[in-house]
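So the structure is just underneath, and the comments pick up after that.
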Amino acid sequence: MDSFNISSAEGFVLVGLSDWPRLEPVFFVIISVFYSLTLLGNSAIIVLSRLDLRLRTPMYFFLCHLSFLDLCYTTSTVPQILASLSGLDRTISFGRCVAQLFIMLSLGGTECVLLVAMAADRYAAVCRPLRYTTMMHPRLCRALVGSSWVGGLVNALIQTGLLMVMPLCGHRLNHFFCELPTLLKLACKGTGVTEANFYVARVIMLVLPALLILGSYVLIARAVVNIKSMAGRRKAFGTCASHILVVSLFYGSAIYAYLQPVHRYAEREGKFVALFYTIITPMLNPLIYTLRNKDMKGALRKVLGRGTDSG
């Protein structure tokens, strides 16, 4: 069988949808449209957050960084997916594969931690409203975002480093891009300890943040129940509903893909789940936040109104 060194020299072949060639043009068009909507929606949130003074709050500060992450995350994979679907290039060198994996793990890990920071912001807004402005001051917000990026970088360094010392047998990846669970399927025998280290790293990066977010929303739910007025309850729930939906979409698909044991990981299903959290979720995030947020909708109407008046 091919050794790790041979795979390093030859690179990998990305199977993608080559087993279903008639579906490739359809998926190419769909993914191109979704990617365009992702670029448009997330860029709009970033621009609106900078233009409208009402959006200069911690909530939109974090949302702006989430949109930037989603832009980078999809861009790290979609060009490779489209190249594979077009049939122009189904191969990827080992160096490019490792670089793509490192960028994805770094951005994905950053988003895991950033969603915790956003949950902490919602906890402070609902459970400590009188102290909110002093608790979530700009310096703390910047520190939380910086910690998110550092956490994602450390996660990527650890997991990419483990992969580079693991012997791989074969060079055929049943995927659209270089995804960690699919690469681990190529591991040669006798790598159980390294695979266990991988699993621990993934549990820390996915389960621990998810538990922290869950805990914050348990406290938020208790606080909302104690609010006497129905209007107050609706307002408190409205500030959290969008974040809960985003968290559910992101963590639900990521946990399904990353926390399965390697020997049970189904590559065919896994590559379609990967499309969900790398393309569909980043596309839905702007819609979720704008459709449920009156401040964001007001800022959008204001900008569009200016454009109409100037025309």
Side-chain angles (χ1 to χ4, degrees), residues 42 44-72 107-155 205 208-229 231-251 282 285-286 288-300 302:
N42 286 286
I45 286 180
I46 294 172
V47 172
L48 290 174
S49 298
R50 301 299 300 173
L51 291 179
D52 198 307
L53 294 178
R54 292 176 299 177
L55 305 183
R56 303 287 179 85
T57 64
M59 175 181 174
Y60 298 106
F61 175 76
F62 292 126
L63 178 57
C64 187
H65 280 272
L66 178 64
S67 295
F68 177 71
L69 270 174
D70 284 341
L71 285 174
C72 296
L107 295 172
T110 300
E111 185 157 342
C112 288
V113 183
L114 182 63
L115 289 173
V116 177
M118 295 176 74
D121 173 66
R122 293 302 83 205
Y123 166 81
V126 175
C127 300
R128 299 289 187 269
L130 299 179
R131 298 177 55 196
Y132 177 68
T133 54
T134 56
M135 290 176 64
M136 301 304 295
H137 53 82
R139 186 181 303 172
L140 176 61
C141 293
R142 289 192 293 268
L144 289 173
V145 169
S147 299
S148 301
W149 283 100
V150 171
L153 182 62
V154 171
N155 169 63
M205 209 63 214
L208 182 58
L211 290 176
L212 290 173
I213 294 172
L214 179 62
S216 70
Y217 275 104
V218 169
L219 297 176
I220 289 172
R222 290 173 58 185
V224 170
V225 170
N226 292 329
I227 296 175
K228 295 181 180 180
S229 68
R233 290 183 184 181
R234 283 198 298 266
K235 182 179 179 181
F237 178 76
T239 62
C240 302
S242 299
H243 185 251
I244 293 173
L245 186 54
V246 168
V247 167
S248 300
L249 291 173
F250 178 79
Y251 277 101
N285 285 353
I288 292 170
Y289 278 106
T290 54
L291 292 178
R292 297 189 59 88
N293 190 295
K294 64 178 183 180
D295 291 336
M296 190 65 71
K297 288 189 289 186
L300 182 60
K302 185 178 178 181

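Here the structure is a predicted model, which is why all the values come from computation and not from measurement. Residue numbers run from 1 in the order of the sequence given.
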Nearest 0.5 angstrom please: [X] [atom1] to [Y] [atom2], how far?
X	Y	atom1	atom2	answer
Asp70	Leu107	CG	CG	9.5 Å
Leu211	Ser216	CG	OG	11.0 Å
Phe62	Asp121	CZ	CG	5.5 Å
Thr57	Tyr132	OG1	OH	5.5 Å

Residue pair [X] / [Y], side-chain heavy-atom distance below 4.5 Å:
X	Y	value
Phe68	Cys64	no
Tyr251	Pro209	yes
Met118	Ile213	no

Closest approach of [X] and [Y], non-hydrogen atoms and distance?
X	Y	value
Arg128	Met135	CB-SD, 3.6 Å
Pro286	Ile45	CA-CD1, 3.5 Å
Cys141	Met136	SG-O, 3.8 Å
Ile46	Ser67	CG1-CB, 3.9 Å
Glu111	Asn285	OE2-ND2, 4.3 Å
Ala119	Tyr217	CB-CE1, 4.1 Å

Margin query: Are there over 12 heavy-atom neighbours, none belonging to Arg222, within less than 6.0 Å of that residue's CZ?
Written below: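 No, because the 6.0 Å sphere around CZ of Arg222 holds 12 heavy atoms or fewer from other groups.
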Would you list the atom pairs, donor with acceptor, under 3.5 Å between side chains in residues 144-155 and any protein atom, with sequence neighbours excluded?
unit_1	atom_1	unit_2	atom_2	d
Ser147	OG	Ala143	O	2.8
Ser148	OG	Leu114	N	3.4
Ser148	OG	Leu144	O	2.9
Asn155	OD1	Gln159	NE2	2.8
Asn155	ND2	Leu105	O	3.1

message: Quick one, Met59 with Arg122, criterion side-chain contact (heavy atoms from CB on, under 4.5 Å). Give me CA distance, side-chain angles, the key distance, then yes/no.
response: CA-CA 8 Å; Met59 175 181 174; Arg122 293 302 83 205; 3.5 Å; yes
